[in-house]
**Student:** 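Take a look at the following structure, please.
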Amino acid sequence: MALAHNRLHAARAKLRSKVGVRFTRFVVVAAAALTATEIALTLCNGVFHMTSTPAALVSWFCGAVVSYVLSRWAWERKGRPDVLRETVPFWVISAVVIVILTLAAKFAYHSAAWLGLTGIKHVLWVDFIWLVANCFTFLLRFLIFHYVLFAERTTAARAAATGPDSVPPGTRKAPGPAAAPHTAARAATAEAEAGTGKSAAKADGANAKQAAPAERSAAPQATPAD
């Protein structure tokens, strides 16, 4: 019981450390993406004087590209990305995020007009509202990325391949496919040897029982004195 508790505690500690590492990396990713999207929004609003929706779309796209590239680094994904499991779900999630950010941009533009903000004050106010909206979506994206998009699939694959009853908890690992025939052969040989030993022991016992009466009958009988 104590051993099982210690193993469970170690597994929880390992999981927490892994989540902590991923979360720290995602903070770096979010900071880089936020910097890119804030710069794009400032240029769209202050330099090109775009309205709220086009400015939000351009700014979101700049941040999403940075986030996608660096998120693969945060979750240690290498090589060509899996289109169906990574690329498509990422952009679907980003589409949900852009809805939130577009609404935030509209609110920022309208509230700046209500407050009578112009020039640099208008730009800074819109940037501030955009920052708050991105902070709101930050935790949501991390949870989806960690537990859905970039979730570990090795444990599930191993469980599906071996089955729930193949390796009982607390026992040694089951032999691999290559070692299974040799293991079965050794077990069969051991059982055969054990059966042979038992048969020989039974035969010796039977012979001993049969020899005992013969020995008693062959022993010289004492004759009474004349």
Side-chain angles (χ1 to χ4, degrees), residues 1-42 56 59-105 108 127-174 176:
M1 187 66 182
L3 180 60
H5 178 73
N6 292 336
R7 289 182 177 179
L8 181 61
H9 181 72
R12 288 179 178 176
K14 184 178 180 180
L15 180 62
R16 290 172 182 171
S17 63
K18 181 179 293 186
V19 173
V21 170
R22 298 283 166 79
F23 184 80
T24 302
R25 289 190 175 190
F26 189 68
V27 169
V28 178
V29 174
L34 181 61
T35 301
T37 191
E38 286 284 359
I39 293 174
L41 181 63
T42 301
S59 304
W60 159 81
F61 182 76
C62 293
V65 171
V66 175
S67 178
Y68 177 70
V69 174
L70 295 183
S71 292
R72 302 192 77 244
W73 162 78
W75 274 269
E76 301 176 358
R77 293 296 190 270
K78 299 179 181 179
R80 180 179 298 178
D82 191 326
V83 176
L84 295 179
R85 291 184 178 180
E86 292 183 14
T87 307
V88 174
F90 177 87
W91 289 106
V92 170
I93 296 168
S94 298
V96 176
V97 172
I98 186 52
V99 173
I100 300 174
L101 295 181
T102 301
L103 294 175
D127 288 349
F128 172 73
I129 299 299
W130 185 264
L131 173 63
V132 173
N134 275 275
C135 291
F136 172 75
T137 61
F138 166 77
L139 184 59
L140 176 64
R141 284 180 293 159
F142 174 78
L143 294 176
I144 295 176
F145 287 176
H146 185 74
Y147 293 105
V148 179
L149 184 59
F150 297 112
E152 298 291 342
R153 301 183 181 91
T154 55
T155 303
R158 188 181 298 111
T162 58
D165 299 328
S166 59
V167 184
T171 60
R172 295 180 299 176
K173 294 183 179 179

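Being a predicted model, the structure only gives us computed values, none of them experimental. For the single chain, residues carry numbers from 1 onward in sequence order.
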**Student:** So, for Asp127 and Glu38, which heavy atoms are closest and what is the spacing to 0.1 Å?
**Tutor:**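 Scanning both residues, the minimum pair turns out to be O-OE2, 3.1 Å.
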
**Student:** Any donor and acceptor pair, going by atom type alone, linking the side chain of Ser67 with main-chain N or O of Gly63 inside 3.5 Å?
**Tutor:**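 Not at all, since once roles are kept as given, no pair shorter than 3.5 Å links the two residues.
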
**Student:** Would you give the length of the straight line joining atom CZ of Arg77 to atom OG of Ser71, rounded to the nearest 0.5 angstrom?
**Tutor:**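 Result: 11.0 Å between the selected atoms.
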
**Student:** Which atoms form the tightest heavy-atom contact between Ile98 and Ala56, and what is the distance?
**Tutor:** CD1-O, 3.7 Å

**Student:** If every non-hydrogen atom of Pro89 is compared with every non-hydrogen atom of Val83, which pair is closest and at what distance?
**Tutor:**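 The answer is CD-O, 4.0 Å.
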
**Student:** Do you see a donor-acceptor pair shorter than 3.5 Å between the side chains of Trp130 and Thr37?
**Tutor:**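 The criterion, which ignores hydrogens and geometry beyond distance, is satisfied for Thr37 and Trp130.
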
**Student:** How many angstroms lie between atom CZ of Arg22 and atom OH of Tyr147, to the nearest 0.5 angstrom?
**Tutor:** 11.0 Å

**Student:** In terms of ring plane angle, is the pair Phe142 and Phe26 parallel, tilted or perpendicular, where the classes change at 30° and 60°?
**Tutor:**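 The arrangement is tilted - the two ring planes meet at 30° to 60°.
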
**Student:** What are the two closest heavy atoms between Tyr68 and Glu86, and how far apart are they?
**Tutor:** CE1-O, 4.5 Å

**Student:** Just checking Phe61: does its CZ atom have more than 12 heavy atoms from other residues, nucleotides or ligands closer to it than 6.0 angstrom?
**Tutor:** no

**Student:** What distance do Thr137 atom OG1 and Leu34 atom CG have between them, rounded to the nearest 0.5 Å?
**Tutor:**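 Those atoms lie 9.0 Å apart.
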
**Student:** Working to the nearest 0.5 Å, report the span between CZ of Phe138 and CG of Leu131.
**Tutor:**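 These two atoms lie 12.0 Å from each other.
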
**Student:** Describe, in one word, how the ring planes of Trp91 and Trp60 are oriented to each other, choosing from parallel (under 30°), tilted (30 to 60°) and perpendicular (over 60°).
**Tutor:**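 Perpendicular: the ring planes of Trp91 and Trp60 meet at over 60°.
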
**Student:** Kindly compute the distance separating OG1 (Thr87) from CZ (Arg80), expressed to the nearest 0.5 Å.
**Tutor:** 11.0 Å

**Student:** Measure the spacing between CG of Leu41 and SG of Cys62 and express it to the nearest 0.5 Å.
**Tutor:** 10.0 Å

